[in-house]
Amino acid sequence: MKVVVIGGGPAGLYFALLMKKANSAHQVTIVERNAADDTFGWGVVFSDQTMENFRQADAETYRAITDHFAHWDDIDVHVKGVTVTSGGHGFSGIARRTLLEILASRATELGVDVRFRTELAPDASLASIGSGDYDLLVAADGVNSGIRKRYAEHFRPEVDLRHAKYIWLGTTRLFDAFTFAFIQNECGVFQAHAYRFDERQSAFIVECDERSWRAAGFDRMTTDESIAACERLFGQWLDGHPLLTNMRHLRGSQWLTFPIVRNASWFYENVVLIGDAAHTAHFSIGSGTKLAMEDAISLVRVLNEPPPPNADPQSALREALQRYQDDRSTEALRLQNAARNSMEWFENVRRYIHLPPEQFAYSLLTRSQRVSHENLRLRDRGYLEGVERWFAARASDGGQKPVPPMFTPYRLRSLTLPNRIVVSPMDVYSATDGVPNDFHLVHLGARALGGAGLVFTEMACVSPEGRITLGCTGMYAPEHIAGWKRIVDFIHERTPAKACLQLGHSGRKGSTKLGLEGTDIPMDEGNWEVLAPSPLAHRPTMQVPRVMSRADMETVRDQFARATTMAIDCGFDMVELHCAHGYLLSSFITPLANQRTDEFGGSLENRLRFPVEVFTAMRAAWPSEKPMSVRISATDWVDGGVTGDDSVQIAQAFMAAGADIIHVSTGQTSPNARPVYGRMWQTPFSDRIRNEARIPTIAVGNVTEADQVNSIIAAGRADLVALARPHLSDPAWTLHAAAELGYTEQWWPQQYRSGKQQLERLVERRKEIKS
Ligand SMILES: Cc1cc2nc3c(=O)[nH]c(=O)nc-3n(C[C@H](O)[C@H](O)[C@H](O)COP(=O)(O)OP(=O)(O)OC[C@H]3O[C@@H](n4cnc5c(N)ncnc54)[C@H](O)[C@@H]3O)c2cc1C
Ligand SMILES: Cc1cc2nc3c(=O)[nH]c(=O)nc-3n(C[C@H](O)[C@H](O)[C@H](O)COP(=O)(O)O)c2cc1C
């Protein structure tokens with residue numbers, strides 16, 4: 001095969017040498033615009049796992065790279081005068097220049113034609129570099145790939161240019177650990193990512209958001225002035241060593257903004273993208289070079305697989321390139337997702353800087369969601385137990401033992417929850433005339449016996465017309481008080497769990513068949529009139545609602561207040577107002593349903609007016625020592641709907657009216673929603689509200705493992721975690737989680753003691769066999 005490679009970075013060089021190694025008959029030419037000894041960039045990092053891939057691909061380059069490694073295990077986080085160290089991270093650094101020298105010399109040794117100081121001009125034909133005729137063109141020309149631009153209509157690239165600013169510097173100060181240093185001053189927050197990559201130097205990347213950057217005057221400084229200012233900012237970690245640049249070839253500012261690059265297609269005819277030309281992953285997870293070199297391994301493999309019998313060379317090449325794209329795009333996407341979480345954490349570091357140093361560092365370490373609580377324990381037990389001890393001491397006035405964060409108590413006004421696990425509200429559509437019955441008693445009772453700290457009822461509706469279906473429970477008739485009281489009494493008498501009543505009104509999503517028969521399907525007969533802020537049906541197949549008058553609003557407000565008073569008689573510990581999922585109050589908040597032109601429509605402040613009025617009436621009816629929560633849809637997942645930005649304002653409005661905690665759900669407000677599902681998918685909205693507005697939150701949504709709960713709580717992404725479906729498959733989710741984590745102090749029903757002992761023994765034995 002005759003191959004031309006544009007770009008002699010890690011991707012191009014590694015591809016070329018592996019290609020030649022696979023078959024010395026291949027003719028491989030690389031053109032690289034820079035000279036062989038140009039030193040742009042500083043160090044790169046590889047994990048132990050990545051090195052294993054390199055060892056298998058070419059033992060010679062593996063050996064040469066490892067001979068030049070600087071290895072470290074610890075991560076140091078310096079913030080607010082405190083240094084938090086966590087170990088077991090297992091990374092190695094190497095100078096980018098050394099890496100490129102190793103790759104170029106091995107490529108030359110294997111017979112690759114490496115042409116430095118040769119540039120393919122943007123519109124020039126390959127003939128201009130003496131390579132007009134070739135079987136394959138490999139575009140390894142980096143993040144600003146000219147080849148990608150040339151064939152943009154075929155690759156369909158997407159480039160998301162972020163706003164945070166960074167400058168890639170070096171220093172002769174040798175750091176023993178991977179070092180993150182944070183400075184907060186009157187201009188904003190600035191961070192350094194620093195790591196040693198050889199015996200003489202460390203990489204030192206300074207990053208900040210655009211606001212801090214402008215406030216510090218970096219937008220008006222020359223490069224030398226910027227470097228001097230960074231030396232002053234981070235002087236305490238530089239020990240008198242200078243910061244250095246080797247990017248003077250860049251015209252203008254050396255401050256950069258990170259572009260996230262994606263391509264719908266990675267090849268077109270016989271042109272293929274690899275490395276940064278194909279995808280980028282934010283530098284804070286240090287995976288760009290790894291991805292680039294692993295692309296090279298994959299591309300070489302598919303190109304050297306035997307073609308299908310009788311295939312013509314063009315279609316065989318196309319199929320090989322398709323296999324390469326299929327193989328690499330999933331891995332690239334996985335890393336890009338982790339990198340996005342990490343990048344967003346650093347972009348929004350102002351949000352987290354208020355956290356105590358211990359929690360700030362933990363939040364940083366778990367930012368990509370690839371490193372979890374138990375993962376940190378495996379890396380460094382001492383560090384993790386220190387975090388658990390610290391967290392437990394804060395949660396329960398001075399506990400000394402390390403306790404998994406989910407098993408620490410949590411206080412809301414005079415209510416103390418025994419742990420952080422919440423049974424999320426779940427409608428079981430099993431009531432008649434709104435009365436909770438034996439099914440509700442056994443269902444909720446079993447979950448309270450199952451160890452959760454707080455058990456929510458389903459949405460109990462404040463009027464018969466406020467029900468979603470005829471199977472929904474209510475809180476509007478005397479029988480309802482008796483039905484709920486029986487359940488609350490059982491929970492209180494038999495378990496340490498607390499009980500929260502969720503109150504709601506279905507609005508335009510009401511008068512439908514039981515949820516068990518499908519969602520949002522109007523009844524076959526006997527439908528009642530539904531209410532909403534505007535005459536807009538939730539779906540074309542559903543009823544057009546009656547527009548609420550002021551008198552209707554007052555009636556509904558009073559129904560909520562009456563139901564709250566009834567909750568006192570039942571003995572509930574807490575009440576939640578349901579303002580999520582497109583029901584009546586949610587339909588006031590979202591502009592997709594509320595198009596009123598009076599003081600209850602228009603701006604977010606206006607759209608919140610009625611829900612806050614209802615909440616205020618409930619707060620006045622509810623005892624001041626008892627807590628209240630509000631469930632919101634933090635985004636509609638629809639352009640033009642409620643956004644994460646709005647959710648902070650929504651949460652603040654309810655907190656100002658006396659809420660104690662915000663229960664952060666999303667969506668279900670419009671059939672046009674385009675949610676992005678995944679593990680813990682709604683937690684970022686809780687994180688944002690909690691840390692931007694400093695408001696206690698409950699996170700919910702596809703949290704299924706105790707490890708995830710502990711990570712969320714310890715990082716301060718939420719104060720409580722609600723699980724819905726996991727509690728349907730396992731009422732004793734909390735008891736099982738405690739046994740798995742070896743937390744033997746978890747309360748179990750006395751009657752189930754022998755089950756506790758057996759389970760703990762089994763878990764212990766399983767762990768012994770594993771180790
Ligand atoms: C601040 C920062 C820190 C980073 N830290 C790390 C890290 O710690 N670990 C890590 O793994 N990655 C890191 N990266 C990412 C890493 O630098 C890239 O992901 C990696 O270099 C990609 O390799 P590549 O070969 O695809 O592209 P590049 O290394 O960019 O190579 C492309 C080459 O093509 C050449 N070229 C471009 N156009 C032409 C043309 N028309 N003619 C001839 N030659 C051309 C360029 O001169 C260049 O040498 C970091 C990046 C940044 C910005
Ligand atoms: C059967 C079922 C009924 C639900 N009913 C309610 C409800 O009455 N009120 C409410 O706010 N959310 C309700 N939800 C949403 C859950 O409380 C929760 O937010 C959602 O299921 C996501 O959590 P999960 O991924 O742990 O299941 C219901 C969910 C399920 C599965």
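Ligands are counted one by one from 1 in listed order, and the atoms in each one are counted from 1 as well. Side chains included, hydrogens not; waters and symmetry mates left out as well; all remaining heavy atoms used. Every value quoted in this text rests on a predicted model; they were computed, and no experiment measured them.
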Checklist entry - Touching ligand 1 at all, Leu256? Heavy atoms, strictly under 4.0 Å? => result no
Checklist entry - Should Arg96 be listed as contacting ligand 1, given a heavy-atom distance under 4.0 Å as the test? => result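 Checking ligand 1 against Arg96, which is what was asked, there is a heavy-atom contact under 4.0 Å.
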Item to check | Over 12 non-hydrogen atoms of neighbours within 6.0 angstrom of NE2 in His71 | outcome: yes
[X] heavy atoms, cut-off 4.0 Å: which ligand 1 atoms fall inside?
| X | result |
| --- | --- |
| Ile205 | 1 (C), 3 (C) |
| Gly142 | 27 (O), 30 (O), 32 (C) |
| Lys290 | 11 (O) |
| Tyr195 | 5 (N), 7 (C), 8 (O) |
| Thr118 | 43 (C) |
| Gly275 | 26 (O) |

Checklist entry - Is there a donor-acceptor pair closer than 3.5 Å between any side-chain N or O of Gln201 and the backbone N or O of Thr171? => result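 No, because the side chain of Gln201 does not come within donor-acceptor range (under 3.5 Å) of the backbone of Thr171.
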Students should be able to answer this: which protein heavy-atom is nearest to [atom], and at what distance?
| atom | answer |
| --- | --- |
| atom 31 (O) of ligand 1 | Gly9 CA, 3.4 Å |
| atom 15 (C) of ligand 1 | Gly288 CA, 4.0 Å |
| atom 1 (C) of ligand 2 | Asp427 O, 3.9 Å |
| atom 53 (C) of ligand 1 | Tyr166 OH, 3.4 Å |
| atom 37 (C) of ligand 1 | Asp141 O, 3.3 Å |
| atom 35 (C) of ligand 1 | Glu32 OE1, 3.2 Å |
| atom 30 (C) of ligand 2 | Met426 CG, 3.8 Å |
| atom 43 (C) of ligand 1 | Arg33 N, 3.3 Å |

Under 4.0 Å from a heavy atom of [X]: which atoms of ligand 2 are those, numbered in the order shown and with their elements?
| X | answer |
| --- | --- |
| Pro726 | 26 (O) |
| His578 | 9 (N), 10 (C), 11 (O) |
| Gln502 | 7 (C), 8 (O), 9 (N), 10 (C), 11 (O) |
| Ser424 | 16 (C), 17 (O), 18 (C), 19 (O) |

Identity of the nearest option to [atom], non-hydrogen atoms only, from [options]:
| atom | options | result |
| --- | --- | --- |
| atom 4 (C) of ligand 1 | Trp168, Phe46, Phe258, Phe197 | Trp168 |
| atom 7 (C) of ligand 1 | Val31, Thr289, Thr50, Val45 | Val45 |
| atom 14 (N) of ligand 2 | Ala724, Ser665, Pro425 | Pro425 |
| atom 22 (C) of ligand 1 | Leu291, Asp276, Leu120 | Asp276 |
| atom 40 (C) of ligand 1 | Ile94, Val206, Ile6 | Ile6 |
| atom 32 (C) of ligand 1 | Gly7, Pro10, Ala140, Ala139 | Ala140 |
| atom 25 (O) of ligand 2 | Met459, Arg725, His581 | Arg725 |

Hydrogens and angles aside, do [X] and [Y] bring a side-chain donor and acceptor to less than 3.5 Å of each other?
| X | Y | result |
| --- | --- | --- |
| Asp276 | Thr280 | no |
| His163 | Asp209 | no |
| Thr590 | Asp636 | yes |
| Gln254 | Thr245 | yes |
| Ser665 | His581 | yes |

Checklist entry - Hey, does the Lys NZ or Arg CZ of Lys509 hover above the aromatic six-ring of Tyr583, less than 6.0 Å from the centre and inside 45° of the axis? => result yes
Next on the checklist: Would Lys165 and Trp255 count as a cation-pi pair here, with the cationic atom under 6.0 angstrom from the ring centre and within 45° of the axis?
Outcome noted: no
Checklist entry - Any ion pair linking Arg162 and Asp160 (charged N to carboxylate O, less than 4.0 Å)? => result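 Salt bridge present between Asp160 and Arg162.
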Checklist entry - So, are Arg334 and Glu331 salt-bridged, with charged N and O less than 4.0 Å apart? => result yes
Checklist entry - Is there a side-chain hydrogen bond (donor to acceptor under 3.5 Å, both in side chains) between Gln682 and Thr666 once you walk through the steps? => result CA-CA 7 Å; Gln682 296 176 147; Thr666 68; 2.6 Å; yes
For [X] and [Y], take the angle between the two ring planes, folded into 0 to 90°, and tell me which bin it lands in: parallel under 30, tilted 30 to 60, perpendicular over 60.
| X | Y | value |
| --- | --- | --- |
| His193 | Phe346 | tilted |
| Trp637 | Trp681 | parallel |
| His440 | Trp484 | perpendicular |
| His279 | Trp266 | tilted |

Item to check | Test of proximity, Ala11 against ligand 1: N or O pairs below 3.5 Å | outcome: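 Among all N and O atoms of Ala11, at least one is under 3.5 Å from an N or O of ligand 1.
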Next on the checklist: Just to verify, which of Phe456, Phe685, Phe654 counts as forming a ring-ring contact (aromatic ring centres under 6.0 Å, His included) with His663?
Outcome noted: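 Result for ring-ring contact (aromatic ring centres under 6.0 Å, His included) with His663: Phe456.
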Checklist entry - For His663, is the nearest heavy atom under 4.0 Å from an atom of ligand 2? => result no
Next on the checklist: I'd like to know if Ala580 contacts ligand 2, where contact means a heavy-atom distance under 4.0 Å to any ligand atom.
Outcome noted: no
Item to check | ligand 2 versus Val700: contacting region, heavy-atom distance under 4.0 Å | outcome: side chain
